[in-house]
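Beneath this line is the structure, given in structure tokens, with notes to follow.
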Amino acid sequence: MSKLSFRARALDASKPMPVFHTEDLPDLPEYTAINRAVPQMPTGMEKEEESERHLQRAMSAQQVYGAVENLVIPTPPAQVGVGYYEDLYEGQFKPQKQFVHVQALNMEQDYPEYDMDSDDERWMNTHNKRSSAMTLEPQQFEEMMDRLEKGSGQQPVTLQEAKLLLKEDDDLIKAVYDYWLKKRNKSPHPLIAQVRTEKRDGSTTNNPYVAFRRRTEKMQTRKNRKNDEASYEKMLKLRRDLNRAVTLLEMVKRREKSKRELLHLTIEIVEKRYQSDDFSGQLLAEVMAQRHQRPSYTPSPVPNGSLYAAMQGNRPDWANRINGEQVQVVRKKREYKKRKHKTASAAHVKEEHGRAHPTTPTYSDMDLHKYDFPSSEEDVSPAQSAEEDTDNDPDGSFAFRRKKGCNYYQARVDTPGNWPWEAKEEGGLGDPRYRYSCTTLSMPRRCVGFVRRRVGRGGRVILDRVFTPFDNALEDLDLSNSSSLPNGLPPSWLTDIRNKKWRHFRPRSPPSEDDSSPSQAPPSFSDHLSSLITFPASPPEEISAEQFHDHQQELVKVNLGMQKQQLAAQQDEAVSTILNQSFSSQPTSRFTVDSASAQFAVSAVVSNTENLDTSLKLREGPESAHNGVLEATGSGTNKVTLHLPPCSSITTELPPLPDPPCPRQPPSPNHHPRHGHYENGQSPGHPDTDHRRGSHTKSFLVIGQNGRP
Amino acid sequence: MAADWSKYFPYTNQTSCFIFYSSLSKMADDKENKKIGLKTTLDMVVEGCRLPVKMSILPNEEEEWPLAEILSRKEEKGKLEFYVHYIDFNKRLDEWVLPDRLRVEELQFPRKDQKTPQKQTSSAANSRPTTPDRELQEKKTTVDRSESDSPSPSLLSKKLSLPEQTSSPAAKLGGQGQTPQSQTKSNAGRKRKAIFLDEKQDLPPAYCNSLSSQDSQDAPATPQPSAPPQQPRQTGSMSSSHDENIITRIKNIETIELGKYRIKPWYFSPYPPELTTISIVFICEFCLKYVKSRKCLERHRTKCTLRHPPGNEIYRKSTISFFEIDGRKNKMYSQNLCLLAKLFLDHKTLYYDTDPFLFYVMTEYDIKGFHIVGFFSKEKESTEDYNVACILTLPPYQRKGYGKLLIEFSYELSKFEGKTGSPEKPLSDLGLLSYRSYWSQTILEILVNLKPENGERPQVTINEICELTSIRKEDVISTLQHLNLINYYKGQYIITLSQESIDTHNRAMAKRKIRIDAKCLHWTPKDWAKRGKW
């Protein structure tokens with residue numbers, strides 16, 4: 001058996017090794033030659049130190065005897081030799097049963113680091129003897145020395161600085177300071193022994209007395225904290241929540257302030273009443289009555305409070321912030337609805353595009369901002385938020401806005417109100433101009449049958465449609481009207497229309513630019529115009545509005561007022577009929593063709609409409625102006641609510657209204673058509689009712705029509 | 001090699017050549033000196049010289065005159081003293097001696113052949129940090145030159161003036177001339193050393209005296225295979241090589257007073273330099289603050305209320321307690337502890353702050369409080385699975401089994417962590433002995449107590465031993481091998497226990513009266529990697 005022919009395998013730490021007693025293996029020494037195969041492990045010592053004599057002796061002893069008992073490595077002596085130990089460590093210390101646990105805060109020492117030495121003690125004793133008034137306690141002395149020492153850098157502190165450092169009596173400070181300065185100047189080292197620390201210039205790299213340098217590099221790479229989106233959003237949310245909390249607290253603060261103010265005011269009132277002997281409360285009642293006459297503007301919660309808030313430029317930021325958030329939520333819903341609308345009508349889509357494009361990016365921006373800069377909520381200026389609101393409100397710039405100084409009353413549900421389109425029996429004014437009448441829209445250009453006009457909130461014109469037997473025919477009429485009038489064979493009622501026996505309402509632009517119209521404009525038209533212009537004004541103010549208009553135009557026509565009054569009387573008569581429907585016999589203004597065809601059309605109708613037609617045609621000439629009008633009209637049409645009253649009530653026998661033969665044309669200066677148009681629109685603008693405000697342009701555009709007989 | 005270096009440092013070439021020649025002439029001087037050996041005076045005994053010196057600290061009463069190297073000399077109150085390092089003895093035995101303990105007639109001058117041109121070049125122009133082959137290279141060079149000119153009286157007086165400049169360690173604090181010294185190194189010395197180490201072990205000490213002197217002289221200077229960078233590595237607590245600075249080779253604190261003990265330090269420690277001039281540094285036993293006088297300590301004791309290390313107690317059984325101190329949270333104490341420990345640990349480095357360490361301080365309770373017995377530090381996160389960085393039993397408590405208790409505790413912590421661990425290297429001589437002893441006893445304890453299963457011979461794997469003890473695999477193998485327990489027998493490794501080793505083990509275990517009781521340890525390991533900060 002050749003034991004040595006095998007090479008020893010590597011030592012496998014996971015392989016079980018049988019444990020033998022040496023006595024059981026008498027043949028073991030024969031195998032020991034292979035023992036060199038057992039890996040030689042390093043001792044872990046510095047090589048040169050391994051050779052040290054004492055260690056070698058000890059190691060060999062350990063190997064031989066298994067212990068080093070008798071062969072210790074000699075070390076410098078340490079002995080118990082402090083006789084005064086008891087004095088230094090006085091008292092006893094009994095620990096608790098529990099393990100000692102220290103608080104991190106308790107580790108900081110609050111005693112002076114400076115320890116008084118024998119010299120100090122001597123000086124202090126002599127000092128105390130000299131000035132018995134101000135005896136120094138050792139710790140007090142140490143405290144002072146400590147502050148002086150720590151207050152000084154390379155240069156010792158000056159006496160002035162020392163006085164700032166020490167809160168002691170001036171004489172005492174001076175004494176200690178002098179002593180300290182002398183001592184410090186004598187010593188090349190700081191008086192509080194401290195381990196040398198590194199200097200920034202790197203000169204201390206090799207200084208063996210410099211210790212505990214800061215580790216400049218990172219010790220170990222550790223996993224980067226996941227900076228993922230979720231945690232980021234959490235942080236944002238947290239910040240928002242905290243902002244809200246701050247807002248809430250600010251609001252509470254305001255509330256409490258207001259309450260305090262109220263209290264002070266109450267006190268003041270009581271004092272004033274007392275001074276003026278108002279014990280019966282009479283004075284107060286008077287004042288209160290006065291106060292109620294002129295009720296001050298009080299904010300009330302409105303659905304779109306954000307707009308309200310935006311209007312209040314002077315409101316503090318927090319209000320806007322809050323409202324801004326609410327609006328953001330609401331807005332989304334609206335946007336969604338709007339999208340649906342888009343598909344409703346082509347015209348609207350067109351309009352929608354015009355507006356949606358600027359708004360949509362704003363929207364996404366907002367959403368982004370909300371996450372990127374949550375603080376932007378605070379930064380949004382009132383004006384900006386107002387703009388945003390405008391953009392995002394489906395009503396756009398025509399959205400309802402409260403006006404300062406206006407009183408707003410709750411809607412009355414019991415009675416329809418004194419609207420001109422309501423019959424007198426129902427409490428309305430029964431204005432004949434608002435009766436159901438044949439109506440032609442300008443865009444899309446078609447007749448919609450019999451329609452009653454109403455003014456809705458914000459000045460929108462709402463058309464209530466009603467069923468009549470003429471509906472089909474009327475549609476044909478308008479189509480034939482726009483193409484070629486003579487080809488059609490109009491029925492007799494059509495002639496009636498043409499003859500202005502029936503009212504025919506056609507929305508159109510106001511005739512401000514009618515400078516081409518003949519000078520002999522009939523007063524009836526002027527009346528009609530004025531009514532057209534004042535149309536959006538609420539009916540109760542009709543008279544005053546017309547008066548205002550008259551006044552404006554009194555240079556042109558003198559007898560205007562007369563005819564108007566006359567007309568008003570006629571209207572009253574007409575209204576008395578049960579069905580407030582009248583058909584204007586005014587010819588259509590559908591002409592966009594050249595003057596020749598206009599002439600032709602005019603020839604087919606009553607002569608006195610000729611002027612008007614021409615003027616209309618001319619007015620519609622410039623395409624740009626027309627487009628502008630049309631677009632707005634289109635949007636208006638979209639919002640037409642088709643209100644069908646019971647059809648049975650409609651009768652076709654309508655008393656023809658006496659109609660002033662000729663429209664009046666005010667000789668206005670040579671304005672740009674569109675400009676003039678607006679000018680005229682604004683001139684009768686009576687700033688009295690709220691729903692006129694803010695929707696001025698729009699209402700005008702829709703109402704640009706001659707609904708007047 | 002000289003040519004190689006001159007390629008890189010053409011400007012220093014001439015200088016180095018000059019030194020080279022002067023060295024040659026110095027060798028000639030050496031021979032002359034030996035001829036006039038009787039004339040040698042103490043003035044000739046300068047730094048770098050070697051001569052037999054009578055050792056004062058020896059385990060037995062025998063008088064011994066080992067060869068020693070003069071590291072420094074000083075003259076105080078007319079009395080000349082020499083700081084000597086005994087060759088082949090640990091630095092802790094280095095001491096200041098009076099001239100009467102020098103055997104001047106056997107004086108060996110610094111060997112000039114070691115001052116090769118390469119060295120000069122590298123020290124002059126190359127900032128490569130190295131270990132010094134000798135201390136005070138520069139000073140020696142000047143001395144050499146003067147000697148090489150001619151040993152005239154005027155030159156001798158010059159030499160005499162040298163020690164005055166370095167009359168006290170404190171005077172060296174200014175540190176002028178430190179940097180050049182620190183950069184002197186021997187590159188060639190290493191090769192030589194590697195050869196001689198082997199030779200020396202075979203040769204009787206007396207025979208290889210000259211050889212070993214060269215060897216041993218170079219030995220402390222041996223640079224680590226990886227040359228240490230300008231700044232030491234930031235992990236661990238040990239300097240990977242000897243500090244080449246002469247200052248750190250000389251003990252700077254004469255005596256410390258800690259509690260009721262007066263202790264002679266073993267090594268240099270960077271206490272504030274002003275404390276090196278006084279004979280005793282007073283250290284508060286509980287907060288480890290160092291002050292310059294008893295009066296100051298008295299004053300300090302009136303203010304310091306500590307009666308235990310300022311950390312949480314995590315272990316207590318009978319009078320033995322362990323306190324855990326975070327090197328980041330309690331910097332002052334940790335630094336004081338490190339300064340104290342450095343007095344007794346040669347390779348400990350205090351270069352960097354204590355933040356990445358935890359300190360486990362073992363205390364013994366008596367009516368006065370919890371007295372520090374020893375401690376070990378531990379990296380919060382060790383890249384090399386060290387479970388101990390520095391470990392120390394304070395000298396008054398040594399040889400009483402406390403060291404083993406500390407080690408046992410460190411492995412107990414590792415068991416709680418579910419890891420194996422090992423002490424950071426390099427180990428000191430005492431550290432190696434203690435660890436080997438602990439490992440031996442722990443492993444033997446397992447082996448002896450193995451019971452035969454089903455009549456079969458008991459078996460054990462190295463991994464099992466590791467798991468049971470938390471001792472790292474390499475240490476287990478090294479111990480088994482060191483104890484001659486592992487043998488290759490008939491195609492497999494076996495463990496053999498001799499009755500002798502069992503008896504020795506039983507005797508040793510009988511002495512270990514204090515043991516760590518895991519039930520008394522209330523401690524949960526922290527995952528410091530998750531904390532971000534140490």
Side-chain angles (χ1 to χ4, degrees), chain A residues 8 11 13-14 16-22 31 34-35 37-38 41 43-46 48 52-53 55 58 66-67 73-82 85 88-89 92-93 99-102 104 107 111 115-118 189 193-195 206-209 211-215 219-220 222, chain B residues 57 59 88 90 182 219-220 222 234 245 247-248 260 262-264 270 272-274 291 293 295-296 299-301 303 307-308 310 312-313 330 335 350 352-353 356 367-369 395-396 425-427 429 432 450 457-459 461-463 473 478 481 486 488-489 493-498 504 529:
Chain A
L11 184 57
S14 57
M17 294 180 295
V19 181
F20 289 92
H21 278 269
T22 328
Y31 292 87
I34 314 175
N35 267 347
V38 177
M41 286 292 174
T43 59
M45 277 187 67
E46 296 270 326
E48 60 272 18
E52 283 170 2
R53 248 187 260 175
L55 177 67
I73 293 179
T75 54
Q79 70 290 107
V80 181
V82 183
Y85 178 77
L88 279 175
Y89 301 91
Q92 297 185 346
F93 178 73
F99 283 9
V100 176
H101 186 86
V102 292
M107 289 181 187
Y111 52 83
D115 296 313
M116 186 169 68
D117 61 18
S118 310
H189 307 290
Q194 269 172 334
V195 174
N206 289 318
N207 188 338
Y209 277 96
F212 310 118
R213 293 165 176 87
R214 266 170 302 184
R215 284 160 213 263
M219 255 296 277
Q220 263 165 355
R222 65 186 173 90
Chain B
I57 313 163
D88 283 334
N90 192 278
S182 67
T222 305
Q234 295 203 354
N245 198 318
I247 288 179
T248 62
K260 54 182 157 213
R262 282 212 175 147
I263 309 167
K264 291 270 182 201
E274 52 265 36
V291 292
S293 70
K295 177 72 206 170
C296 287
R299 281 299 310 154
H300 168 73
R301 283 306 310 166
K303 293 176 279 184
R307 291 289 181 149
H308 55 80
N312 291 337
E313 194 177 10
N330 204 334
Q335 292 186 357
L350 304 187
Y352 289 115
D353 59 35
I367 201 69
K368 291 287 178 191
K425 311 297 179 306
L427 290 173
D429 49 356
L432 180 69
L450 278 177
R457 212 164 265 292
Q459 291 194 332
T461 68
I462 290 174
N463 285 344
K473 188 173 80 182
S478 136
Q481 168 216 318
I486 194 162
Y488 195 67
Y489 180 73
Y493 285 99
I494 59 161
I495 287 170
T496 54
L497 288 170
S498 69
T504 316

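Chain letters run A, B, ... following the sequence lines, proteins first, then strands; residues in each count from 1.
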| said: At a 4.5 Å cut-off on heavy atoms, which part of A/Tyr85 comes close to chain B: side chain, backbone, both, or neither? | reply: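 Side chain of A/Tyr85 only, per the 4.5 Å heavy-atom cut-off to chain B.
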Locate the shortest heavy-atom distance separating [X] from [Y]; write the atom from each residue and the value.
| X | Y | answer |
| --- | --- | --- |
| B/Thr248 | A/Pro208 | CG2-CB, 3.3 Å |
| B/Gly369 | A/Phe93 | CA-CD2, 3.9 Å |
| B/Ser293 | A/Asp117 | OG-CB, 4.3 Å |
| A/Arg215 | B/Asp353 | NH2-O, 2.5 Å |
| B/Glu274 | A/Gln194 | OE2-N, 4.1 Å |
| A/Ala78 | B/Pro395 | CB-CB, 3.8 Å |

Expected output: side-chain [X] to main-chain [Y] donor-acceptor under 3.5 Å:
| X | Y | value |
| --- | --- | --- |
| B/Arg457 | A/Phe20 | no |
| B/Lys368 | A/Tyr89 | yes |
| B/Thr496 | A/His21 | no |

Taking atom [atom1] of [X] and atom [atom2] of [Y], what is their separation to the nearest 0.5 Å?
| X | Y | atom1 | atom2 | value |
| --- | --- | --- | --- | --- |
| A/Thr43 | B/Leu432 | OG1 | CG | 5.5 Å |
| A/Asn207 | B/Ile247 | CG | CD1 | 7.0 Å |
| B/Asp429 | A/Met45 | CG | CE | 5.0 Å |
| A/Leu88 | B/Lys260 | CG | NZ | 12.5 Å |
| A/Arg53 | B/Asn90 | CZ | CG | 13.0 Å |

| query | Among A/Met17, A/Gln79, A/Arg213, who wins on heavy-atom pairs under 4.5 Å with chain B? | reply |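 If we count pairs closer than 4.5 Å to chain B, A/Arg213 comes out on top.
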| task | Describe, in one word, how the ring planes of B/His300 and A/Tyr111 are oriented to each other, choosing from parallel (under 30°), tilted (30 to 60°) and perpendicular (over 60°). | result |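 Geometry flag for A/Tyr111 against B/His300: perpendicular rings.
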Are [X] and [Y] side-chain neighbours, meaning at least one heavy-atom pair lies under 4.5 Å?
| X | Y | result |
| --- | --- | --- |
| B/Leu350 | A/Val195 | no |
| B/Gln459 | A/Pro18 | yes |
| A/Leu11 | B/Ile462 | yes |
| B/Thr461 | A/Ser14 | no |
| A/Val100 | B/Asn312 | no |

| said: Taking side chain as everything from C-beta outward and backbone as N, CA, C, O, which of these in B/Leu450 sits under 4.5 Å from a heavy atom of chain A? Side chain, backbone, both or neither. | reply: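 Just its side chain gets close to chain A.
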| task | Report the option among B/Lys425, B/Lys303, B/Gln335, B/Lys473 that has the most heavy-atom pairs separated by less than 4.5 Å from atoms of chain A. | result |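 Most pairs with chain A among the choices: B/Lys303.
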